[in-house]
Amino acid sequence: MASLIQVHVDQIGPSTSQGTVRNHTVLIDRPDAKGGADRGAMGGELLLVALGGCFMSTLLAAIRAREAAIDDVRLSVAGTLESTPSHFSAIEMTVAAKHADQAELEKLVVISERSCIVANTLKHAVDLTIRVA
């Protein structure tokens, strides 16, 4: 059964907008060099943050559910930007963490990749790679 997730984005300056999700807000803008006021991240940067955030929350839930000895989880997300039209052709996410069992971490990363809404959406449009450091 499908469900609907809705957010709102409103202009609050010449180049700045504010995104609202439930009771949370985020500013979206362009850097000075691109004609913006640099009051927030660009939409493409937020797409990478959204992927990282979605994956991280899913991974942390999987770690908690299994009471795995994994902590200090860190993600690095890098997008290869192409032009005409501008788009990400590839995105690579690297997962690092303190752990006692590499195989357990790798298994939880696979489980999280399969459960992450953003990863599931993007993998049909871009070359998405998730690896453990």
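Treat the numbers as computed from the prediction; the structure is a model and nothing was measured.
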Apply the test side-chain contact (heavy atoms from CB on, under 4.5 Å) to residues Leu47 and Phe88: give CA-CA distance (whole Å), side-chain angles for both, the deciding distance (0.1 Å), then the verdict.
CA-CA 10 Å; Leu47 177 78; Phe88 289 117; 3.7 Å; yes
Transitively linked via ILVMFWY side-chain contacts under 4.5 Å: Val110 with Val77?
no
Nearest heavy atoms of His99 and Leu105, plus distance in Å
CD2-CD2, 3.4 Å
Measure the CG-CG distance between Leu75 and Leu51 for me, rounded to the nearest 0.5 Å.
8.5 Å
Is there a path of hydrophobic side-chain contacts, each under 4.5 Å between heavy atoms of I, L, V, M, F, W or Y residues, that connects Val126 with Leu48?
yes
From Ile130 CD1 over to Ser112 OG, what is the distance, rounded to the nearest 0.5 angstrom?
8.5 Å
CD1 (Ile117) with more than 12 external heavy atoms under 6.0 Å
no
Please report the shortest heavy-atom distance between Thr58 and Ser115, naming the atom on each side.
CG2-CB, 3.6 Å
Where do Val9 and Gln18 land on the side-chain contact (heavy atoms from CB on, under 4.5 Å) test, with the steps shown first?
CA-CA 5 Å; Val9 180; Gln18 178 176 290; over 6 Å; no
The single option from Ile28, Asp29, Asp10, Asp38 that satisfies side-chain contact (heavy atoms from CB on, under 4.5 Å) with Thr16 is Asp29
Apply the test side-chain contact (heavy atoms from CB on, under 4.5 Å) to residues Ile12 and Leu27: give CA-CA distance (whole Å), side-chain angles for both, the deciding distance (0.1 Å), then the verdict.
CA-CA 9 Å; Ile12 62 167; Leu27 294 181; 3.3 Å; yes
Any non-hydrogen side-chain atom of Ile91 less than 4.5 Å from a side-chain atom of Asp127?
no
Nearest heavy atoms of Asn120 and Lys123, plus distance in Å:
OD1-NZ, 3.3 Å
Rounded distance (nearest 0.5 Å) linking atom SG of Cys54 with atom CG of Leu59
11.5 Å
Would you tell me whether Glu82 and Ser89 have side-chain atoms, one donor and one acceptor, within less than 3.5 Å of each other?
yes
Please tell me if the side chains of Met56 and Val73 come closer than 4.5 Å, counting only heavy atoms from C-beta onward.
yes
Quick check: closest heavy atoms across Glu113 and Phe55, and the distance to 0.1 Å?
N-CE1, 3.5 Å
Atom pair NZ/CZ of Lys98 and Arg74 - distance to nearest 0.5 Å
7.5 Å
In the single-linkage hydrophobic clustering (I, L, V, M, F, W, Y; side-chain heavy atoms under 4.5 Å), do Leu46 and Leu81 co-cluster?
no
same_hphob_cluster(Val95, Val49) at 4.5 Å side-chain heavy-atom cutoff
no
Taking C-beta and beyond as the side chain, do Ser76 and Met93 meet within less than 4.5 Å on heavy atoms?
no
Any chance CD of Glu67 has more than 12 other-residue heavy atoms, nucleotides or ligands included, within less than 6.0 Å?
no
Side chain Ser86, main chain Ser83, donor-acceptor under 3.5 Å:
no
Indicate if Leu128 and Val118 have the same hydrophobic cluster label, given that clusters are the connected sets of ILVMFWY residues with side-chain heavy-atom separations under 4.5 angstrom.
yes
Start with the C-alpha distance between Lys34 and Asp32, add both sets of side-chain angles, then the distance that settles salt bridge (Lys or Arg N to Asp or Glu O under 4.0 Å), and finish with yes or no.
CA-CA 5 Å; Lys34 291 191 170 202; Asp32 294 328; over 6 Å; no
Nearest heavy-atom contact between Ala97 and Ile70 is CB-CG2, 3.8 Å
Return yes if some donor-acceptor pair links the side-chain N/O of Glu104 with the main-chain N/O of Asp101 below 3.5 Å, else return no.
no
May I ask you to test the His24-Thr20 pair for a side-chain heavy-atom distance under 4.5 Å?
no
Heavy-atom closest pair (Arg131 atom, Glu92 atom, distance to 0.1 Å) is NE-OE2, 2.8 Å
